Amino acid sequence: MAGPIGSPGVSPAYGGQTGAGASTTKALTLLASLFFMWGFITVINNTLLPHLRSVFDLNYTQTTLIESVWFIAYFFASIPSAKLIERVGYQKSLVIGLVIMALGALGMTVAASIPSYGVTLVMLFVIASGITLLQVAANPYVAVIGPPETASSRLNLVQAMNSAGTMLAPLFGAYLILGRSKGGTAEAGVVLTEAERLADAQSVILPYVLVAVVLVVLAIVIARFPLPAMGSANSRVAKADRKNHSLWKHRNLVFGIPAIFIYLIAEIGVANLFVNFVSQPNIANLTHEQAGKYLTLLWGGMMVGRFAGSAIMQKIPAETVLAVFSIGAFVVMMVTVFTTGHTAMWSLIAVGLFHSIMFPTIFTLGIKGLGPLTEEGSGLLIMAIAGGALVVVQGKIADTYGLQTSFLLTAACELYILFYALWGSKTTHALPEQELTQPAE
């Protein structure tokens with residue numbers, strides 16, 4: 001990490017130095033590229049699922065295991081990531097995370113060359129572990145790089161770039177993976193020969209080589225960039241301070257962990273079941289291909305909502321905005337459950353707009369007032385992303401009571417977010433906010 005100069009108490013983000021504003025803006029711009037890349041890579045999985053099912057002739061259990069492995073990585077890699085950040089600092093951790101992701105992407109080309117379902121799962125776990133490290137490092141860094149009162153605004157702004165990545169990834173995957181494979185262009189029910197499966201498996205090589213190259217370039221840029229250093233959080237003194245404080249005294253964190261966990265069940269459930277839902281005859285009666293295009297609107301709503309949320313939170317407290325958005329999400333989910341036709345379809349699309357600000361806002365409220373405990377708190381919040389793996393619960397409800405009824409689970413999730421916004425997010429035993437120090441030029 002770049003060595004800080006000047007006195008530790010000086011924070012460029014608080015206007016202590018003349019060039020600080022420009023430095024902070026450049027840092028946020030660079031970090032936004034990280035959010036874009038991990039959003040992009042995460043959603044490529046949506047393209048990989050049907051592709052790999054065809055290549056390896058998988059059943060649905062084996063296919064869903066691919067996504068479960070992705071979220072399981074968040075559970076296992078989050079705390080080690082927090083420990084690594086304590087040891088080497090935020091900037092080096094960002095570089096290490098990008099390198100891990102690049103190695104995983106190159107590993108995907110090896111898995112495609114063999115081809116091997118098992119190696120594919122391992123490499124996806126590696127990529128997700130790298131993203132976990134980036135999440136644990138970048139989210140709190142963005143939150144404290146400026147005034148605490150606008151932390152949620154900043155994180156929503158860079159998370160909007162994450163949503164931009166999720167919007168573009170399906171186009172990239174459709175063109176370079178599905179569009180270049182026999183399974184991706186054949187009609188439903190066509191059985192591939194062994195040679196065609198091998199050729200289809202190798203269609204993954206080019207896109208993942210391109211991804212690996214971009215990740216390595218980004219790692220080099222970040223390694224050389226003079227990011228403002230998080231002073232007290234990474235000092236030897238702060239490590240001693242940690243022993244004098246308990247994470248579990250902070251209500252905003254204690255209730256924030258299940259808030260992230262529950263929110264991910266809602267987000268992933270909507271995204272995974274959207275195509276099947278709107279394709280039903282009593283909803284929009286679309287083909288899966290047509291429904292997939294409407295799914296882009298769901299992700300687009302999340303991007304628009306984050307840009308709008310970032311601006312709104314400049315003037316309105318984050319917890320108030322979160323409460324309003326959670327009420328909006330609950331309302332549109334109830335409309336989805338109890339109506340039919342295009343009304344139900346558009347209400348489900350609208351939930352993307354209301355979900356948009358939830359993750360970044362819950363995250364910043366969750367780490368507020370943690371002081372030297374920020375890394376550990378961040379690690380626990382990122383670990384809670386593993387809640388996405390429990391989308392299987394909604395699948396079980398859909399099998400038992402019907403797909404439309406299963407969205408009552410999503411509506412219940414929105415009510416917990418409302419509870420968190422109104423009461424659970426209030427800080428207790430708040431510690432002094434962390435500050436940034438000016439990096440060496």
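These numbers were taken from a predicted model, which means no experiment stands behind them.
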For Phe419, ring pair (Phe, Tyr, Trp, His ring centres under 6.0 Å) partners two or more places apart: Phe255, Tyr416, Trp423
Set of ring pair (Phe, Tyr, Trp, His ring centres under 6.0 Å) partners for His355, sequence neighbours left out: Tyr263
Side-chain heavy-atom pair Val214, Leu210 within 4.5 angstrom cut-off: no
Side-chain touch Leu253/Leu381, heavy atoms, less than 4.5 angstrom: yes
By side-chain hydrogen bond (donor to acceptor under 3.5 Å, both in side chains) - contacts of Asn156 (at least two apart): Thr361
Minimum side-chain heavy-atom gap Met358-Glu414 below 4.5 Å: yes
Donor-acceptor list for residues 27-35 side chains, cut-off 3.5 Å, not counting sequence neighbours:
from: Thr29; atom 1: OG1; to: Thr25; atom 2: O; distance (Å): 2.8
from: Ser33; atom 1: OG; to: Leu30; atom 2: O; distance (Å): 2.4

Side chains of residues 73-84: which donor-acceptor pairs under 3.5 Å do they make with residues two or more places apart or in other chains?
from: Ser78; atom 1: OG; to: Tyr74; atom 2: O; distance (Å): 2.4
from: Ser78; atom 1: OG; to: Met383; atom 2: N; distance (Å): 3.1
from: Ser81; atom 1: OG; to: Ala77; atom 2: O; distance (Å): 2.6

When the side chains of residues 310-318 are checked against the rest of the protein, which donor-acceptor pairs come out under 3.5 Å, sequence neighbours left out?
from: Ser310; atom 1: OG; to: Ser153; atom 2: O; distance (Å): 2.8
from: Ser310; atom 1: OG; to: Ser153; atom 2: OG; distance (Å): 3.2
from: Gln314; atom 1: NE2; to: Ser153; atom 2: OG; distance (Å): 2.8

Approximate separation, where rounding is to 0.5 Å, of Ile268 CD1 and Thr410 OG1: 11.5 Å
Side-chain heavy-atom pair Asn139, Phe359 within 4.5 angstrom cut-off: yes
Distance-only polar pair, side chains of Ser163 and Arg306, donor-acceptor under 3.5 Å: yes
Inter- and intrachain pairs under side chain to side chain donor-acceptor pair (under 3.5 Å), touching residues 383-405, at least two apart: Gln394-Ser406
Distance in Å, Met303 CE paired with Leu298 CG, rounded so as to fall on 0.5 Å steps: 12.5 Å
Any Leu390 side-chain heavy atom under 4.5 Å of Phe71 side chain: no
4.5 Å side-chain heavy-atom contact, Phe338 and Leu408: yes
Flag side-chain contact, heavy atom, 4.5 Å: Glu86 against Glu376: yes
With sequence neighbours excluded, residues passing ring pair (Phe, Tyr, Trp, His ring centres under 6.0 Å) with Phe261: none
Return a table of donor-acceptor pairs under 3.5 angstrom between the side chains of residues 321-335 and protein atoms on other chains or two or more places apart.
from: Ser326; atom 1: OG; to: Leu322; atom 2: O; distance (Å): 3.2
from: Ser326; atom 1: OG; to: Ala323; atom 2: O; distance (Å): 2.7

CG on Asn282 to OG1 on Thr339, rounded to 0.5 Å: 10.0 Å
Leu370 backbone acceptor or donor facing Thr374 side chain under 3.5 Å: no
Residue list, side-chain hydrogen bond (donor to acceptor under 3.5 Å, both in side chains) with Ser347, at least two apart or on another chain: Thr336
Heavy-atom closest pair, residues Phe363 and Ile260: N-CD1, 4.3 Å
Non-hydrogen side-chain atoms of Met108 and Ile127 separated by less than 4.5 Å: yes
Pairwise distance CD1(Ile262) to CD1(Ile257) - rounded to 0.5 angstrom: 12.0 Å
Verdict with reasoning, Thr132 to Ile382, per side-chain contact (heavy atoms from CB on, under 4.5 Å): CA-CA 7 Å; Thr132 302; Ile382 298 302; 3.9 Å; yes
Rounded distance (nearest 0.5 Å) linking atom CG of Leu155 with atom CD1 of Ile362: 11.5 Å
CG on Leu133 to OG on Ser129, rounded to 0.5 Å: 9.5 Å
Contact summary for Met345 and Ala284, nearest pair of heavy atoms: SD-CB, 3.6 Å
Non-neighbouring partners of Phe407 that pass ring pair (Phe, Tyr, Trp, His ring centres under 6.0 Å), sequence neighbours left out: Phe277
Residues that Val216 engages under side chain to side chain contact (heavy atoms under 4.5 Å, CB included), provided they are two or more places apart: Ala102, Ile220
Considering all heavy atoms, the nearest Gly366-Asn252 contact: O-ND2, 3.2 Å
